[in-house]
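Both ligands and their constituent atoms are indexed starting at 1 by order of listing. All residue numbers refer to positions in the sequence shown, counting from 1.
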Amino acid sequence: MYIWAMLRTNTSLKPYNTFNIEVFAEYYAQFDSVASLTQLLKNRKDLPIFILGGGSNILFTKNFKGLVLKNEILGLKTIEEHSNSVVIEAGAGMNWHSFVLRCIEMNYGGLENLSLIPGNVGASPMQNIGAYGVEIKDVFEYLDAVHISTGKLQRFYKADCAFGYRESIFKRSLKDEYIICHVAFRLSKQRHNLNTSYGAIEAELEKRQITNPSIKDVSNAVIAIRQSKLPDPNEIGNAGSFFKNPVVPKNNFDKLLEKYPNIPNYPAPNNKVKLAAGWLIEKAGWKGRTIDGRYGVHAQQALVLVNYKNTIGQEILDLSNEIIADVKFKFDVTLEREVNIL
Ligand SMILES: Cc1cc2nc3c(=O)[nH]c(=O)nc-3n(C[C@H](O)[C@H](O)[C@H](O)COP(=O)(O)OP(=O)(O)OC[C@H]3O[C@@H](n4cnc5c(N)ncnc54)[C@H](O)[C@@H]3O)c2cc1C
């Protein structure tokens with residue numbers, strides 16, 4: 001039957017996750033259109049489903065008993081075009097950075113600060129990806145997703161997605177219910193609203209003697225900064241920031257500030273303060289620690305847990321639990337994982 005021709009059995013997921021962890025999927029299939037996806041869903045019997053994009057925000061801790069579906073829907077479509085803005089729709093299986101570069105080539109602004117984030121377009125609204133002061137909710141227009149149990153295609157606008165800091169409705173009340181197939185973004189065509197105030201972007205532009213940057217200049221600066229700070233998953237297995245930056249009530253922050261006058265902090269809504277998880281982990285003494293030379297905490301970036309070689313996912317998960325407990329003990333701050341655990 002058609003569906004069984006599309007399936008592979010007992011498939012290693014090592015090539016499909018940036019942590020480079022070996023686990024196996026009982027069944028594995030790729031789809032490149034909504035039609036082939038709905039066909040797969042119709043015939044999947046009762047198999048549990050897991051959707052895979054670029055595998056750059058996942059820690060696999062065990063084999064998956066069920067069907068792993070890899071989204072390979074590609075393509076770009078202009079939905080609306082005005083003199084100042086454009087709405088462009090991308091297939092969820094498209095590589096995120098290639099999409100950003102295509103937009104920059106067409107002089108569409110809004111995504112330049114999000115250059116070089118690994119993964120695919122489809123996962124970008126899942127956790128409202130963000131970097132250098134921009135989140136995708138700032139340019140998000142809509143997404144189309146297939147409901148797993150009914151096979152129906154449904155459109156979600158920004159107001160439907162409950163975006164928050166590395167959060168959306170798809171990680172909460174609608175978790176594991178929808179497969180995102182296309183995502184549309186509203187981008188600027190001229191008078192781009194550049195955001196260079198965050199991180200080291202301004203310093204990088206200055207270093208390059210650029211005083212009137214284009215979106216391409218900002219993208220190049222972001223790429224250079226990221227390459228100097230973050231481990232390349234092609235060289236060292238990792239999933240980027242393993243933890244979210246914690247947001248704590250102002251009272252708790254005031255106590256920490258008395259003890260640590262240099263603690264990095266950023267204002268957050270509702271009388272709260274955002275702290276830097278990397279700073280807390282480093283202060284707690286974890287930065288650069290390795291276990292058996294196989295895995296550990298990255299030497300330049302304490303937020304990133306790394307797999308040097310032959311690590312199993314459970315070991316990384318155990319390490320993250322130790323870090324969470326230690327940071328809680330030393331600072332009374334609870335870290336939350338950003339990476340999805342399976
Ligand atoms: C070196 C490095 C740097 C990073 N830097 C950043 C950063 O600056 N900012 C940031 O926000 N993130 C960052 N990340 C994390 C990661 O790149 C993003 O979370 C990215 O959006 C994950 O995309 P993916 O396609 O790899 O998702 P996957 O890891 O494949 O999947 C992530 C989750 O989304 C679900 N999912 C994936 N695709 C779909 C779909 N089409 N429909 C429904 N569910 C889906 C999966 O089931 C899973 O639960 C970084 C990662 C690495 C390795």
Enquirer: Heavy-atom distance under 4.5 Å between the side chains of Leu275 and Trp279, does that happen here?
Expert: no
Enquirer: Among all protein heavy atoms, pick out the one at the shortest distance from atom 44 (N) of ligand 1; state its residue, atom name and that distance to 0.1 Å.
Expert: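 Checked against all protein heavy atoms, atom 44 (N) of ligand 1 sits closest to Met126 SD, 3.5 Å.
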Enquirer: Among all the protein's non-hydrogen atoms, which is closest to atom 19 (O) of ligand 1, and how far away is it?
Expert: Gln127 NE2, 2.6 Å
Enquirer: Looking only at distances, please establish whether an N/O atom of ligand 1 is found under 3.5 Å from an N/O atom of Ile117.
Expert: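 Checking ligand 1 against Ile117, no N or O pair falls under 3.5 Å apart.
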Enquirer: Using a 4.0 Å cut-off to any heavy atom of Asn340, which atoms of ligand 1 qualify?
Expert: 32 (C), 33 (C), 48 (C), 49 (O)
Enquirer: State plainly whether the residues Glu141 and Arg186 are in salt-bridge range, i.e. N to O under 4.0 Å.
Expert: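 Looking at Arg186 together with Glu141, the answer is yes, because their closest N to O distance falls below 4.0 Å.
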Enquirer: Of all residues at least two apart in sequence or in a different chain, which pass the side chain to side chain contact (heavy atoms under 4.5 Å, CB included) check with Asp32?
Expert: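 Applying side chain to side chain contact (heavy atoms under 4.5 Å, CB included) to Asp32 gives Ser36, Glu72.
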Enquirer: Could you identify the single nearest non-hydrogen protein atom to atom 7 (C) of ligand 1 and state the distance to 0.1 Å?
Expert: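 Checked against all protein heavy atoms, atom 7 (C) of ligand 1 sits closest to Gly130 O, 3.6 Å.
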Enquirer: Would you kindly confirm whether Leu7 and Ile179 end up in one hydrophobic cluster when ILVMFWY residues are joined by side chain heavy atoms under 4.5 Å apart?
Expert: yes
Enquirer: Could you check whether the rings of Tyr260 and Phe331 sit parallel, tilted or perpendicular, using 30° and 60° as the cut-offs?
Expert: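 Correct class here is tilted.
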Enquirer: Does an N or O anywhere in Asn71 fall below 3.5 Å from an N or O of ligand 1?
Expert: yes
Enquirer: Test your reading of the structure: does Leu230 have an N or O sitting under 3.5 Å from an N or O of ligand 1?
Expert: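 No, since none of the N or O atoms of Leu230 sits under 3.5 Å from an N or O of ligand 1.
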Enquirer: If you measure every N or O of Ala92 against every N or O of ligand 1, does any of those distances drop under 3.5 Å?
Expert: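 Ala92 vs ligand 1: no N/O contact under 3.5 Å.
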Enquirer: Considering residues at least two apart in sequence or located in another chain, which fulfil the side chain to side chain contact (heavy atoms under 4.5 Å, CB included) criterion with Gln227?
Expert: Leu116, Ile223
Enquirer: Would you say that Leu335 contacts Ile323 through its side chain, given a criterion of any heavy-atom pair below 4.5 Å between the two side chains?
Expert: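 Yes - at least one pair of side-chain heavy atoms lies under 4.5 Å apart.
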Enquirer: So which protein heavy atom does atom 31 (O) of ligand 1 come closest to, and at what separation?
Expert: Ile58 CD1, 3.8 Å
Enquirer: Take the angle between the ring planes of His147 and Tyr178 and call it parallel below 30°, perpendicular above 60°, tilted in between.
Expert: tilted
Enquirer: If the contact criterion is a heavy-atom separation under 4.0 Å, does Tyr178 count as touching ligand 1?
Expert: yes
Enquirer: Would you say Gln190 and Asn107 make side-chain contact, with heavy atoms under 4.5 Å?
Expert: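 The answer is no, as the side chains (C-beta and beyond) never meet within the 4.5 Å cut-off.
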Enquirer: Starting from atom 42 (N) of ligand 1, what is the nearest protein heavy atom, named by residue and atom, and what distance separates them?
Expert: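 Among all protein heavy atoms, the one nearest atom 42 (N) of ligand 1 is Ile180 N, 2.8 Å.
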Enquirer: Do any nitrogen or oxygen atoms of Gly240 come within less than 3.5 Å of a nitrogen or oxygen of ligand 1?
Expert: no
Enquirer: Within the structure, is a non-hydrogen atom of Arg166 found at a distance of less than 4.0 Å from ligand 1?
Expert: yes
Enquirer: For Asn238, take its heavy atoms, then give the atoms of ligand 1 lying under 4.0 Å from any of them.
Expert: 1 (C), 53 (C)
Enquirer: Suppose we measure from atom 29 (O) of ligand 1 to each protein heavy atom; which comes out shortest, and what is that distance?
Expert: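 Nearest protein contact, heavy atoms only, for atom 29 (O) of ligand 1 is Asn57 N, 2.8 Å.
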Enquirer: So, Phe185 versus Tyr108, ring centres under 6.0 angstrom or not?
Expert: no
Enquirer: Touching ligand 1 at all, Arg226? Heavy atoms, strictly under 4.0 Å?
Expert: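 Right, Arg226 reaches ligand 1.
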Enquirer: Consider every N or O of Gly119 and every N or O of ligand 1, then say whether any pair is closer than 3.5 Å.
Expert: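 No - when backbone and side-chain N and O of Gly119 are compared with those of ligand 1, no distance drops under 3.5 Å.
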